[in-house]
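Working notes, structure below.
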Amino acid sequence: MASDACAHGLLRRAGELLLLLPSEARAGPGEEKPAAAAAPLLPLLVLGAAAAAAAFAGFYLRRAAQRPMLVASAGFRRFLDDHCPMVREKFYPTFWCTDGRAQTLVRVLLKTPVPVHYRNELIRTADGGHISLDWADNDTSERHPDGATRPTLLLLPGLTGSSRESYMLYMVRTVLSMGYRCVVFNNRGFGGETLLTPRTFCAADTEDLEAVLDHVRSLLPDAPLVGTGVSLGGMLLLNYVSRSGSECRLSAVLTLSAAWDTFASCDSLERPLHWLLFNRFLTSNLRRTVHRHRDVLASKFDIEHIMKARTIREFDQRFTAPMFGFATIDDYYHAASPAHAVATIRVPVLCLNAADDPFSPMHAIPVEAARSNPRVALLVTSCGGHIGFLEGLVPRGRSYMDRVFAEFTRAALEHARELEELTGEGGAGCEGVEGVEGGCEGVEDDVWQRRRSLVH
């Protein structure tokens with residue numbers, strides 16, 4: 001690489017200059033040095049700093065700034081090339097924040113919420129509970145003034161998330177700027193509403209999502225409808241589209257940082273550092289939710305036992321799995337893992353993941369299954385963490401994830417028929433960081449292996 005040659009050249013030049021210095025300036029530790037001899041050291045310091053910067057630039061360009069791996073059928077790839085050209089571009093993550101864990105944490109610390117006005121709606125469910133929907137109607141849209149046909153985005157937040165999460169607010173603002181309507185599906189127990197029945201949510205149960213889709217379709221039968229899910233919301237969408245088959249009520253789906261294999265996710269999050277940084281915090285939020293609704297939940301669950309859970313797996317074993325009728329935690333995790341359901345997906349789905357996501361390890365992404373389904377495309381960046389994908393010197397604005405969301409949303413809504421026709425074609429293939437056509441060598445090769453080793 002040119003950057004490596006530059007770094008070596010600078011280091012060699014620094015050594016030559018050192019040899020050219022007067023002997024007084026090169027005096028040993030026990031020898032007396034004149035005060036004037038310190039002056040020639042300044043160029044050496046500058047050259048040393050330049051060499052270090054060049055070495056880091058080489059590392060950054062070889063290990064971090066990479067073109068994403070695209071696994072897609074020939075038809076899906078053609079659609080993305082025409083309408084989502086950024087999938088071909090390199091992703092340049094924030095240079096001081098290339099580690100997946102750092103990307104995950106810095107996003108939470110730096111991304112500030114943007115103002116969004118919602119109209120809240122509560123819909124009743126068959127079991128006597130209710131679901132909170134937050135609408136951003138965009139009635140002033142000039143591009144789509146007819147509310148009956150205005151394209152609509154259904155957004156699903158992640159675990160313990162709601163419509164007020166910063167990543168949700170950025171996506172809603174993006175949707176509104178394009179003239180579309182948006183509705184956020186808040187999981188039961190979140191979004192500010194009170195539980196009416198002893199039931200919350202899980203990635204394996206799509207009943208509430210189906211109720212929401214039925215409701216939205218009854219209100220807007222003529223409006224195009226696309227779904228986007230973040231993290232657990234993406235898992236829920238993937239499980240829904242795989243089970244609904246051709247009866248799916250969505251014309252296309254985008255998932256962002258979805259966990260493909262719940263077992264692999266838990267294993268990763270239970271590593272000591274990941275437990276300290278992520279698992280402990282999320283488990284605390286889940287326990288807090290149970291405590292907030294303990295009056296309703298106490299009729300069916302041992303609340304004190306649940307409150308002692310220290311990992312997500314323990315929480316699911318004591319609360320989520322029994323709530324939804326699973327005999328064991330393994331039964332629940334298998335049902336919740338969308339990696340097993342890729343083959344039955346019948347609508348176009350684009351899935352964005354990062355190879356260094358601590359919540360969704362690279363080895364768990366179902367590359368081979370996606371290659372066999374022309375309607376599923378995987379876009380995997382070499383870094384980006386979990387819902388991170390930060391770029392720019394001070395990553396407070398739109399991220400790579402936000403830009404993928406904007407491009408695919410517009411493409412899926414404005415060119416829905418073309419997307420449906422092209423993704424019906426066969427010929428799946430894979431493009432890795434070196435542009436490998438028709439195979440998946442890029443998945444196991446070079447940079448991807450190094451990124452995987454960094455995560456482990």
Side-chain angles (χ1 to χ4, degrees), residues 127 156-161 187-190 195 197-209 229-240 242-243 255 257-294 296-342 353 357-366 369 386 455-456:
D127 68 329
L156 282 69
L159 180 69
T160 77
N187 288 309
R188 293 202 207 189
F190 293 87
L195 279 182
T197 61
R199 174 189 171 116
T200 55
F201 65 94
C202 78
D205 187 89
T206 62
E207 185 177 333
D208 281 358
L209 176 56
V230 181
S231 191
L232 182 132
M235 297 172 66
L236 193 59
L237 271 179
L238 287 167
N239 285 327
Y240 164 73
S242 69
R243 295 168 190 174
T255 69
S257 294
W260 288 94
D261 186 307
T262 316
F263 295 102
S265 295
C266 279
D267 289 344
S268 176
L269 289 173
E270 286 170 2
R271 292 173 185 147
L273 182 57
H274 290 177
W275 176 84
L276 183 65
L277 295 176
F278 311 115
N279 201 329
R280 182 180 60 164
F281 174 76
L282 288 172
T283 306
S284 176
N285 281 350
L286 291 168
R287 292 199 311 265
R288 192 176 299 116
T289 301
V290 170
H291 180 75
R292 186 165 65 246
H293 303 291
R294 66 184 304 151
V296 175
L297 297 171
S299 61
K300 290 188 64 175
F301 300 97
D302 183 348
I303 302 300
E304 295 306 319
H305 184 54
I306 295 168
M307 296 300 288
K308 294 177 183 177
R310 290 295 175 265
T311 65
I312 295 174
R313 195 194 302 262
E314 287 183 0
F315 180 88
D316 286 337
Q317 189 170 29
R318 300 174 186 189
F319 182 72
T320 313
M323 171 178 285
F324 288 92
F326 293 99
T328 67
I329 186 67
D330 287 356
D331 291 341
Y332 166 48
Y333 279 0
H334 184 274
S337 300
H340 308 298
V342 174
N353 285 92
D357 186 344
F359 288 69
S360 183
M362 177 68 195
H363 67 83
I365 298 177
H386 190 70
V455 175
H456 288 294

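The basis for the numbers below is simple: all heavy atoms, side chains too, and nothing from hydrogens, waters or symmetry mates.
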Study note, to complete from the structure: Between the CZ atom in Arg318 and the NZ atom in Lys308, the distance rounded to the nearest 0.5 Å is 8.0 Å
**Study point:** Nearest atoms (heavy-atom pairs only) where Leu159 meets Leu232
**Key:** N-CB, 3.7 Å
**Study point:** Test item: Ser360 side-chain N/O and Ser257 main-chain N/O as donor-acceptor pair under 3.5 Å
**Key:** no
Review point. Is there a donor-acceptor pair closer than 3.5 Å between any side-chain N or O of Asn279 and the backbone N or O of Leu269?
Key: yes
Practice item. For side chain to side chain donor-acceptor pair (under 3.5 Å), just list the numbers for Arg294 and His291, CA-CA rounded to whole Å, side-chain angles, deciding distance to a tenth of an Å, and then say yes or no. Key: CA-CA 5 Å; Arg294 66 184 304 151; His291 180 75; 3.0 Å; yes
Exercise for review: State the SG-NE2 distance between Cys266 and His274, to the nearest 0.5 angstrom.
Suggested key: 13.5 Å
Review point. Could you give the distance from CD (Glu270) to CZ (Phe278), rounded to the nearest 0.5 Å?
Key: 14.5 Å
Review point. Only one of Thr200, Asp208, Thr289 forms a side-chain hydrogen bond (donor to acceptor under 3.5 Å, both in side chains) with Arg188, so which one is it?
Key: Asp208
Point to revise | Asn239 side chain to Ala336 backbone, donor-acceptor under 3.5 Å | key: yes
Practice item. Check the pair Met323 / Asp205 against side chain to side chain contact (heavy atoms under 4.5 Å, CB included), numbers first and verdict last. Key: CA-CA 11 Å; Met323 171 178 285; Asp205 187 89; over 6 Å; no
Check your understanding: What is the distance from atom CZ of Arg287 to atom CG of Leu282, rounded to the nearest 0.5 Å?
Key -> 11.0 Å
Exercise for review: Ignoring hydrogens and angles, tell me if any N or O in the side chain of Ser268 forms a donor-acceptor pair with the backbone of Pro358 under 3.5 Å.
Suggested key: yes
Exercise for review: Locate the shortest heavy-atom distance separating Leu209 from Leu236; write the atom from each residue and the value.
Suggested key: CD2-O, 4.0 Å
Check your understanding: Has His340 got more than 12 heavy atoms of other residues, nucleotides or ligands less than 6.0 Å from its NE2?
Key -> yes
Check your understanding: Can you tell me how far CG of Asp316 sits from OH of Tyr332, rounded to the nearest 0.5 angstrom?
Key -> 5.0 Å
**Study point:** Rounded distance [0.5 Å steps], CZ in Arg313 versus CZ in Phe263
**Key:** 8.0 Å
**Study point:** Donor-acceptor contact below 3.5 Å, side chain Ser265 vs main chain Phe359
**Key:** yes
Check your understanding: Can you name the nearest heavy-atom pair linking Met235 to Ala258, along with the distance?
Key -> N-CB, 4.0 Å
Review point. How close do Ala264 and Ala364 get, heavy atom to heavy atom, and via which atoms?
Key: CB-CB, 3.8 Å
**Study point:** Whether Thr283 side chain and Ile312 backbone form a donor-acceptor pair below 3.5 Å
**Key:** yes
Review point. Between the side chains of Ser284 and Arg280, does any donor sit under 3.5 Å from an acceptor?
Key: no
Exercise for review: Identify the two heavy atoms, one from Gly161 and one from Phe190, that lie closest to each other, and give their separation to 0.1 Å.
Suggested key: O-CB, 3.8 Å
Review point. Is there a side-chain contact between Val296 and Pro198, using heavy atoms and a 4.5 Å cut-off?
Key: yes
**Study point:** Donor-acceptor pair, side chain of Arg292 and main chain of Gly189, under 3.5 angstrom
**Key:** yes
Exercise for review: Indicate, with yes or no, if the rings of Phe319 and Phe301 have centres closer together than 6.0 Å.
Suggested key: yes
**Study point:** Distance-minimising heavy-atom pair for Thr255 and Leu238
**Key:** CG2-CG, 3.8 Å
